[in-house]
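Here's the structure, in structure tokens; my notes come after.
Remember, it's a predicted structure, so these values are computed and weren't measured experimentally.
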Amino acid sequence: MFDIQEELKKLPARPGVYLMHDAGDEIIYVGKAISLKNRVRQYFQESRQVSPKIEKMISRIAWFEYIVTDSELEALVLECNLIKEHEPRYNTMLKDGKSYPYIQATIQEPFPRLLFSRQMKRDGNKYFGPFTSASAIREAIELVNRIYHLRTCKRKIGEGSSFPRPCLYYEMGQCEAPCQGWIDEKTYRENFEKALRFLQGDTKEICRELTDKMKEASARMEFEEAALYRDQLESIRRVTERQKITSGERDDRDILALARTGNEAVMQVFFIRDGKLLGREHYYLTGVEYERDEDVISSFIKQFYAGTPFLPHELVTEKEFTDREAILAWLSDKRGAKVYHVIPKRGQKERLLELAKKNAYMVLMQDAEKLKTEQAKTRGAMDEIEGLLGMEGQLHRVESYDISHINGFETVGSMVVFEDGKAKKNDYRKFRIQSVSGPDDYASMDEMLSRRFDRYKNNKENGDSFAHLPDIIFMDGGKGQVHICEDVLERLQLDVPVCGMVKDDHHRTRGLYFRDREIPIDTHGEGFHLITRIQDETHRFAIEYHKLIRRKGQTKSVLEDIPGIGPKRRQALIRAFESLEDIKNATEKELADVPGMDTAAARAVKEFFAEK
């Protein structure tokens, strides 16, 4: 038994990270501390003054653990990693997990290429970005390749390499065929360097060249050629118009502006690279109610920059943020150069910050109704179900189970998971029933639930879908299914409430069976709609798995059962004859004449079908 007061006495006065667990062993909060002893004890002091959100979190703490680090910086890094891994419900969470594209210049190759990449690696190549628009990146790469005749193939060109013919891009006039040795490496690299200068924003030279060529072609009355140059100039304009100059300073910085209302917040980020505004993105944050702006900004910076390989030279915000010095030290260490923080009061940066803030509020206002509707369908629906069952504030994770088979053939089971009213598909699991023969749903359900919760008892530390107990189990059925589940839980000495989703004669949900009584439910409420979604999703997942198993069984060829007929001979027979019936009716000589077959194999086929 974990004695919180006794464990508090053992806390060291050293920096580290603490993890709060609830009775179901779920990590509900992760925090860092300069002194674990002082910070963790504050949560359990009677004189504490905390927000209602943290007060609710404290009421759910069953036990805690901690990890000691050598410094506050190490604690900060560990905190970021643990929040990302466990997504604790009482931490402020960044909802978006986007990865931004880069342009990779493979300068390590003899004839380098420009590639689209989702990661910036330390591989000796050069990277441009990150950018916010993948389509704009692909358009820019295609344009540069076309203008500078860069290769796009994956051929490894070097000494001793030989290729029979150039690819289609050479025939289209878009590549100089370095694979054939028709352009030397020095000339190719000169073109490549021009392409890199283009990507860095130097478009004057190429625009001048294309304009001159367009005029010359027009003077020669080569209007199709002139139109080609005109279209390339238009493409350059379209690509570069996204990059508005923001200042005379050729620097990298991110402008961060926060807008918030209630429990929702939006962080608008302007990405400025080499002094140009390359794009903007907004990010939703949840769990911000009662949190100070300084804490919300701090949470965003830690989570966002933990997940992106590129770090700007400067962060611009409208106010200070919590753990500022530690965060800047962490970012500087990650970047390999100092990262600065600026709170502008006037000038271009202040105007950009104000513009970002207006954009953030615009997004928040536009999405307010959508967020409200989403909240009603998810967390609001869970609150409604809690009220029906008399379990206010207790439901977060729901698991639901179903069985699927056709007259007992290939029986399978499904487990689906919903958290705060949203499907958590990464935690779905499939079961192939092994110990039950025939159409016995109760026995099949018993096996599935026993395997699932036995896995929990024996593998709590794994961190997979089986490592957490649900707050409630929804069974696709009434009294019988509920009692089967309760028997399994009692046998394994686990305490989890079980609720049945009862259907009427038309297979529609009519109520809930909970603690030996049926509870009617308002069929117009969001709680009812959520229960229906859970029920439908559980049923769908089971049926799809059963269909998959059946398809696999049906695609097994009869030819696999013939002795001496392996995969290659099966393929040869299928190619030589139009149908299985033709193979069956073929003579032994016709079978032996098939490539890869011989007399013995042909005889084996004939004997096999003769016995059928």
Side-chain angles (χ1 to χ4, degrees), residues 1-2 21-28 60 62-63 65 86-89 382 385-386 389 391 394-405 411-420 422-437 440-502 512-516 531 534-535 537-542 545-546:
M1 185 69 181
F2 190 88
H21 294 252
D22 66 7
D25 212 19
E26 178 191 350
I27 296 173
I28 58 175
R60 297 193 58 173
W63 65 285
E65 59 180 318
H86 297 291
E87 298 183 359
R89 73 173 73 178
M382 287 294 289
I385 294 170
E386 286 178 352
L389 303 179
M391 300 178 66
Q394 299 180 42
L395 299 187
H396 166 61
R397 180 185 175 98
V398 172
E399 290 182 6
S400 180
Y401 298 86
D402 193 18
I403 296 291
S404 181
H405 60 80
T411 304
V412 299
S414 67
M415 162 185 156
V416 304
V417 179
F418 277 65
E419 287 190 354
D420 289 325
K422 296 180 182 178
K424 191 177 183 183
K425 296 196 175 183
N426 287 344
D427 281 6
Y428 285 17
R429 292 295 181 268
K430 304 167 183 173
F431 298 83
R432 196 162 184 174
I433 303 304
Q434 301 165 349
S435 65
V436 181
S437 59
D440 191 336
D441 284 4
Y442 285 175
S444 299
M445 186 65 74
D446 187 289
E447 180 194 322
M448 175 168 59
L449 293 168
S450 298
R451 285 163 57 188
R452 183 267 181 266
F453 290 109
D454 184 64
R455 178 80 172 269
Y456 163 76
K457 294 201 73 171
N458 294 321
N459 297 279
K460 286 184 183 180
E461 71 283 358
N462 277 359
D464 64 8
S465 178
F466 296 134
H468 304 287
L469 278 179
D471 297 312
I472 193 167
I473 297 169
F474 278 0
M475 302 299 295
D476 187 32
K479 183 177 181 180
Q481 296 279 17
V482 168
H483 287 171
I484 287 291
C485 185
E486 288 175 340
D487 290 344
V488 171
L489 294 170
E490 184 178 356
R491 190 163 67 238
L492 294 173
Q493 298 181 321
L494 295 173
D495 183 19
V496 181
V498 184
C499 181
M501 298 178 286
V502 186
L512 300 175
Y513 183 82
F514 187 61
R515 292 175 179 163
D516 293 324
I531 290 167
I534 293 172
Q535 198 168 36
E537 181 69 351
T538 311
H539 196 50
R540 177 200 65 79
F541 194 53
Y545 184 40
H546 189 250

(request) Measure from NZ or CZ of R429 to the centre of the six-membered ring of F466 and say whether it is under 6.0 Å with the direction within 45° of the ring axis. (result)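 Flagged: R429 positioned over aromatic ring of F466.
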(request) Using salt bridge (Lys or Arg N to Asp or Glu O under 4.0 Å) as the criterion, list what pairs up with K424, not counting sequence neighbours. (result)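 In terms of salt bridge (Lys or Arg N to Asp or Glu O under 4.0 Å), with neighbours along the sequence ignored, K424 is linked to E419, D427.
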Donor-acceptor under 3.5 Å ([X] side chain, [Y] main chain):
X	Y	value
E447	Q434	yes
S414	T538	yes
K430	Y545	no

(message) Assess the residue pair M501 and Y513 against the criterion (side chain to side chain contact (heavy atoms under 4.5 Å, CB included)); give the C-alpha distance rounded to whole Å, side-chain angles, the decisive distance to 0.1 Å, and a yes or no.
(response) CA-CA 6 Å; M501 298 178 286; Y513 183 82; over 6 Å; no
Look up atom [atom1] in [X] and atom [atom2] in [Y], then write down how far apart they are to the nearest 0.5 Å.
X	Y	atom1	atom2	value
R491	S450	CZ	OG	4.0 Å
M475	S400	CE	OG	7.5 Å
S435	R451	OG	CZ	8.0 Å
L449	I484	CG	CD1	8.5 Å
L492	D454	CG	CG	6.0 Å
I472	M382	CD1	CE	8.0 Å

Taking all non-hydrogen atoms of both residues, which atom of [X] and which atom of [Y] are closest, and how far apart?
X	Y	value
F418	Y428	CE1-OH, 4.1 Å
E386	L395	OE2-N, 2.9 Å
M391	P497	CE-CG, 3.7 Å
M415	F431	CB-CE1, 3.9 Å
F474	V398	CD2-CG1, 3.8 Å
A62	F2	O-CD2, 3.8 Å

(request) Apply side chain to side chain contact (heavy atoms under 4.5 Å, CB included) to the pair L469 and D25, showing each step before the final yes or no. (result) CA-CA 8 Å; L469 278 179; D25 212 19; over 6 Å; no
(request) Check whether any side-chain heavy atom of I28 sits under 4.5 Å from a side-chain heavy atom of H21, and report yes or no. (result)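 The answer is no; the side chains never approach within 4.5 Å.
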(request) Answer whether the closest heavy-atom distance between the side chains of V498 and L489 falls below 4.5 Å. (result)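 Answer yes - side chains close enough.
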(request) Can you sort out the partners of E486 under side chain to side chain donor-acceptor pair (under 3.5 Å), two or more places apart, ordered by chain and number? (result)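 Listed in chain order: nothing, the list is empty.
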(message) D495: which residues meet the side chain to side chain donor-acceptor pair (under 3.5 Å) condition with it, sequence neighbours left out?
(response)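 So D495 forms no side chain to side chain donor-acceptor pair (under 3.5 Å) with any residue.
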(message) If we count only N and O atoms by modelled type, under 3.5 Å, do the side chains of D471 and Q394 hold a donor and an acceptor together?
(response)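 No, because no side-chain N or O of D471 sits under 3.5 Å from a partner of the opposite role on Q394.
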(request) Using salt bridge (charged side-chain N to carboxylate O under 4.0 Å, His left out) as the criterion, point out the one residue from R397, R60, R89 that pairs with E26. (result)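 Result for salt bridge (charged side-chain N to carboxylate O under 4.0 Å, His left out) with E26: R89.
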(request) Let me see the working for I473 and F453 under side chain to side chain contact (heavy atoms under 4.5 Å, CB included), right down to the final yes or no. (result) CA-CA 12 Å; I473 297 169; F453 290 109; 3.4 Å; yes
(request) Determine, step by step, whether E537 and D402 satisfy the side chain to side chain contact (heavy atoms under 4.5 Å, CB included) criterion, reporting the C-alpha distance in whole Å, the side-chain angles of both residues, the deciding distance to 0.1 Å, and the verdict. (result) CA-CA 10 Å; E537 181 69 351; D402 193 18; over 6 Å; no
